[in-house]
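Owing to the predicted nature of the structure, the values given are computational and were not obtained by experimental measurement. Count residues from 1 along the sequence.
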Amino acid sequence: MEPQKKNTPNKAIVILFSLIILTVVVYFILQMILPELFQNMPTGEVQPVKPNE
């Protein structure tokens, strides 16, 4: 019997996935340490539409 080849993902995929996780973790750590840093970020709040005058 031949040894079965393991199905492993590409190294680039593993690096990109870990970078995304690392970015999210760093964001939450920065938000806990420096909350005023993110106060001016847009949050996508709905604003009323004003007709042109």
Side-chain angles (χ1 to χ4, degrees):
M1 287 183 68
E2 297 177 18
Q4 290 193 357
K5 188 176 181 182
K6 291 189 176 186
N7 188 11
T8 57
N10 192 356
K11 281 187 179 181
I13 301 296
V14 173
I15 291 172
L16 285 174
F17 189 72
S18 60
L19 282 176
I20 291 171
I21 293 173
L22 183 67
T23 305
V24 171
V25 169
V26 168
Y27 169 74
F28 282 115
I29 290 173
L30 281 175
Q31 196 170 15
M32 285 190 294
I33 295 172
L34 301 168
E36 65 274 359
L37 184 65
F38 300 101
Q39 291 298 320
N40 294 329
M41 285 182 69
T43 57
E45 294 175 357
V46 179
Q47 302 203 356
V49 177
K50 297 178 182 174
N52 294 336
E53 293 178 12

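- Placement of Val14 and Ile21 in two distinct hydrophobic clusters is found when ILVMFWY residues are connected by side-chain heavy-atom separations under 4.5 Å, directly or transitively.
- Every pair passing ring pair (Phe, Tyr, Trp, His ring centres under 6.0 Å) that includes a residue from residues 15-42 is listed here, sequence neighbours excluded: Tyr27-Phe38.
- The structure places CD of Glu36 at 11.0 Å from CD of Gln31, a figure rounded to the nearest 0.5 Å.
- At a threshold of 4.5 Å between side-chain heavy atoms, the hydrophobic network of Ile, Leu, Val, Met, Phe, Trp and Tyr places Val24 and Ile13 in two separate groups.
- No more than 12 heavy atoms of other residues, nucleotides or ligands shown are found within 6.0 angstrom of CD on Gln47.
- Distance CG/Leu22 to CD1/Ile29: 8.5 Å, rounded to 0.5 Å.
- One hydrophobic cluster, built from ILVMFWY side chains closer than 4.5 Å, holds both Val25 and Leu37.
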